[in-house]
Amino acid sequence: MEHTPAPYGPRAVYGYAMHIGSNILFLLYVIWALVPDEVLHDYLGLTYLPSKYWAVALPIWALTALATFAFLIYPAINMLITPDINDLRTITDKHALHRTETTPGGIPSVSDIPITEVCRTLYLRNNKS
């Protein structure tokens, strides 16, 4: 079978089963978190359930981990894999439009600005001022 993101029979069945299963698991989680232990023990006969502390602690821990990853770890990884300004990977390729000389007072032609010039203008201090 060809690899395609288009829906087909088995994928639709698995997707529907996962949708129903996740809804049932969420409903069981909400029942466990909100219904008192005495009611669960007396009416359903459930004698051992995890502490209600975990009903609050696990989602908070998961969101804290997600926020730490999203705001600290992911940007740090991106900064680590970004090449330096003097790295060979920042050199322009064969499709770049190089700057050409223009007449004084004329409109410059369309061209790519080298990354070294952009970084020098944005991030290096001007010694003249």
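- One finds the OG1 atom of T64 at 7.0 Å from the CD1 atom of I60 (value rounded to the nearest 0.5 Å).
- The distance from the NE2 atom of H19 to the CD1 atom of I24 is 10.0 Å, given to the nearest 0.5 Å.
- Counting all heavy atoms, side chain and backbone alike, A33 lies closest to A55 at CB-CB, 3.7 Å.
- Under the 4.5 Å side-chain contact rule for hydrophobic residues, Y43 and V35 share a cluster.
- Rounding to the nearest 0.5 Å gives a distance of 11.0 Å between CD1 of I77 and CG of L72.
- Ring geometry for Y74 versus F69: interplanar angle of 30 to 60°, hence tilted.
- For the residue pair K52 and L34, the shortest heavy atom distance occurs at NZ-N, 4.5 Å.
- Residue L46 places its CG atom among more than 12 non-hydrogen atoms of other residues, nucleotides or ligands, all under 6.0 Å distant.
- With hydrophobic clusters built from ILVMFWY side chains whose heavy atoms lie under 4.5 angstrom apart, I20 shares a cluster with L28.
- More than 12 heavy atoms of other residues, nucleotides or ligands sit less than 6.0 Å from atom CD of E117.
- Across all their heavy atoms, T102 and S109 have their closest contact at CG2-N, 3.8 Å.
- Under a hydrophobic-cluster definition in which Ile, Leu, Val, Met, Phe, Trp and Tyr are linked whenever side-chain heavy atoms come within less than 4.5 Å, directly or via other members, L44 and F26 are assigned to the same cluster.
- Follow the hydrophobic side-chain contacts under 4.5 Å out from W32 and you reach Y53 in the same cluster.
- Taking each heavy atom of N78 and T82 in turn, the nearest pair found is O-OG1, 2.6 Å.
- Y29 and L63 are not part of a single hydrophobic cluster, where members link through side-chain heavy atoms under 4.5 Å apart.
- Remark: T47 OG1 to L40 CG distance equals 11.0 Å, nearest 0.5 Å.
- The neighbour count for L122 CG, taken as heavy atoms of other residues, nucleotides or ligands under 6.0 Å away, is above 12.
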